[in-house]
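Here is the naming used below: chain letters follow the sequence lines, and residue numbers restart at 1 for every chain.
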Protein chains: 2
Amino acid sequence: MGVTKSEIYTEEQNTLANQLKAIAHPARIAILQELIKANACICGDLVLELGLAQATISQHLKELKKVGLIQGTIEGVSVCYCIEPKAWAALQNELNKLFASYKVSNTCC
Amino acid sequence: MGVTKSEIYTEEQNTLANQLKAIAHPARIAILQELIKANACICGDLVLELGLAQATISQHLKELKKVGLIQGTIEGVSVCYCIEPKAWAALQNELNKLFASYKVSNTCC
DNA sequence: TATATCTATCGCAATATTACGATTAATATT
DNA sequence: AATATTAATCGTAATATTGCGATAGATATA
């Protein structure tokens, strides 16, 4: 026990949950905001911006990359990260669907 | 170590992360979808709908209630749950801000 | 080639999450 | 009053997450 029973959910539910899990951490939200703000992509600058160790930042970047929300390009010695537009738009769309499906009503508790 | 360093982030980042963490599980996504679909609020029906034990569903409901995204009303022996409209709208708004802040550009990697 | 710079990965410790059976509490029904 | 129904909570086991120091790998610079 203690493992999420992915089998009982739909593909969509699992994917959305995984992407949300990737965003659901203040450090990773901060990273995404920083990537968006800088437009051009930063990398080790994130270590300076946030107050976390280099190993920790690297790990958070890996999480975001794992679900496809960001991409990294090697530029000489350093690595440049930025938002992956397609995955970003897809997640936005999926969330829109979820939120749009709810209509406020008074037949509730 | 092993604890999220909430002190180094903004209130907004922490709150958003907490709300997203609440949604970032397929069971809780399924619960929200079910609550939305049924409009009127269900409760123990969720145990039947999803394939999880009663204790587990109850725990997931608690998580969602903790961040204010749902509310429960006692109706005799059972409890009726539904979306909490204000918190739901607030989260939608916060996410919209995040997604809207990103503009696709070609000055990226 | 030697050295510096930058990032990824490993290994570990602390803590959090997920799931469930068993129990408790609270309201209905008989 | 006794019993059934429903949901919350407790306790526990398995697993996942978070954070960091240390190390390794890869590219640049002297």
Side-chain angles (χ1 to χ4, degrees), chain A residues 1-9 13-14 17-32 34-35 41-67 70-82 109, chain B residues 1-9 13-14 17-32 34-35 41-67 70-82 109:
Chain A
M1 297 97 202
V3 204
T4 301
K5 299 166 95 178
S6 308
E7 332 84 60
I8 69 173
Y9 310 105
Q13 288 169 335
N14 282 318
N18 277 330
Q19 304 232 69
L20 287 176
K21 192 153 62 172
I23 311 191
H25 191 287
R28 295 195 288 269
I29 290 176
I31 287 175
L32 290 171
E34 195 58 34
L35 289 183
C41 333
I42 340 173
C43 63
D45 296 346
L46 291 166
V47 178
L48 299 175
E49 285 292 332
L50 319 187
L52 293 172
Q54 182 267 318
T56 309
I57 295 287
S58 197
Q59 209 170 316
H60 282 306
L61 288 168
K62 193 179 173 186
E63 293 287 311
L64 290 168
K65 210 159 49 171
K66 199 179 71 186
V67 298
I70 66 171
Q71 65 187 136
T73 311
I74 300 173
E75 280 189 359
V77 133
S78 55
V79 178
C80 176
Y81 282 99
C82 62
C109 46
Chain B
M1 298 97 204
V3 204
T4 300
K5 298 167 96 178
S6 309
E7 332 85 58
I8 69 172
Y9 309 106
Q13 288 169 335
N14 282 318
N18 277 331
Q19 304 232 70
L20 286 177
K21 192 152 64 172
I23 311 190
H25 191 287
R28 295 195 289 267
I29 290 176
I31 287 174
L32 290 171
E34 196 58 33
L35 289 183
C41 332
I42 341 172
C43 65
D45 295 348
L46 291 166
V47 179
L48 300 174
E49 285 291 332
L50 319 187
L52 292 173
Q54 183 267 319
T56 308
I57 295 287
S58 198
Q59 210 171 315
H60 282 306
L61 287 169
K62 194 181 174 185
E63 294 287 310
L64 289 169
K65 210 160 49 171
K66 199 179 71 187
V67 298
I70 66 170
Q71 64 186 135
T73 311
I74 299 174
E75 280 190 358
V77 132
S78 54
V79 178
C80 177
Y81 281 99
C82 62
C109 47

Report the distance from atom [atom1] of [X] to atom [atom2] of [N], rounded to the nearest whole Å.
X	N	atom1	atom2	result
B:Ile23	C:dT17	CD1	P	15 Å
A:Glu63	C:dA8	CD	P	13 Å
A:Arg28	D:dT17	CZ	P	9 Å
A:Ile31	C:dT7	CD1	P	12 Å
B:Ile42	D:dA7	CD1	C1'	15 Å
A:Lys5	D:dA16	NZ	C1'	18 Å
A:Asn14	C:dT18	CG	C1'	14 Å
A:Ile8	C:dA19	CD1	C1'	10 Å

Pairwise distance [atom1]([X]) to [atom2]([Y]) - rounded to 0.5 angstrom:
X	Y	atom1	atom2	value
B:Asn14	B:Lys21	CG	NZ	9.5 Å
A:Leu50	A:Ile31	CG	CD1	5.5 Å
A:Cys82	A:Ile42	SG	CD1	10.5 Å

A:Lys66 vs B:Ser78, nearer the 5' end of DNA chain D by closest nucleotide: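 Looking at DNA chain D, the more 5' nearest nucleotide goes with B:Ser78.
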
Nearest heavy atoms of [X] and [Y], plus distance in Å:
X	Y	result
B:Lys65	B:Gly72	CD-N, 4.3 Å
A:Leu32	A:Ile70	CD2-CG2, 3.8 Å
B:Ala22	B:Leu64	O-CD2, 3.7 Å

Any B:His25 side-chain nitrogen or oxygen under 4.0 Å from OP1 or OP2 of D:dA16: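 Result: no.
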
OP1 or OP2 of C:dT17 under 4.0 Å from side-chain N/O of A:Lys21: no

Over 12 non-hydrogen atoms of neighbours within 6.0 angstrom of CD1 in A:Ile8: yes

Under 3.5 Å, which N/O atoms of the protein pair with N/O atoms of nucleotides 26-29 of chain D?
none

Relative orientation of the end axes in the helix from C:dT1-D:dA30 to C:dT30-D:dA1, expressed as an angle to the nearest 10° (five pairs per end):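 Helix axis angle between the two ends: 10°.
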
Under 3.5 Å donor-acceptor, B:Arg28 side chain and A:Ala17 backbone: no

Validation row: [X], [Y] side chains within 4.5 angstrom (heavy atoms):
X	Y	answer
B:Leu46	B:Leu61	yes
A:Ile57	A:Gln54	no
B:His60	B:Leu52	yes

Sugar-phosphate only, base, or nothing, as touched by A:Leu52 at under 4.0 Å among non-hydrogen atoms: sugar-phosphate

Tabulate protein N/O versus nucleotide N/O from nucleotides 8-11 of chain D, keeping only pairs under 3.5 Å, one per line.
{"from": "D:dA8", "atom 1": "OP1", "to": "B:Tyr81", "atom 2": "OH", "distance (Å)": "2.4"}
{"from": "D:dA8", "atom 1": "OP2", "to": "B:Ser58", "atom 2": "OG", "distance (Å)": "2.8"}
{"from": "D:dA8", "atom 1": "N7", "to": "B:Gln54", "atom 2": "NE2", "distance (Å)": "2.8"}
{"from": "D:dA8", "atom 1": "N6", "to": "B:Gln54", "atom 2": "OE1", "distance (Å)": "2.8"}

Options D:dT17, C:dA19, C:dG21, nucleotide nearest the side-chain atoms of B:His60: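 Among D:dT17, C:dA19, C:dG21, the one nearest the side chain of B:His60 is C:dA19.
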
B:Tyr9 and A:His25 aromatic ring geometry - parallel, tilted or perpendicular at 30°/60° bounds: perpendicular

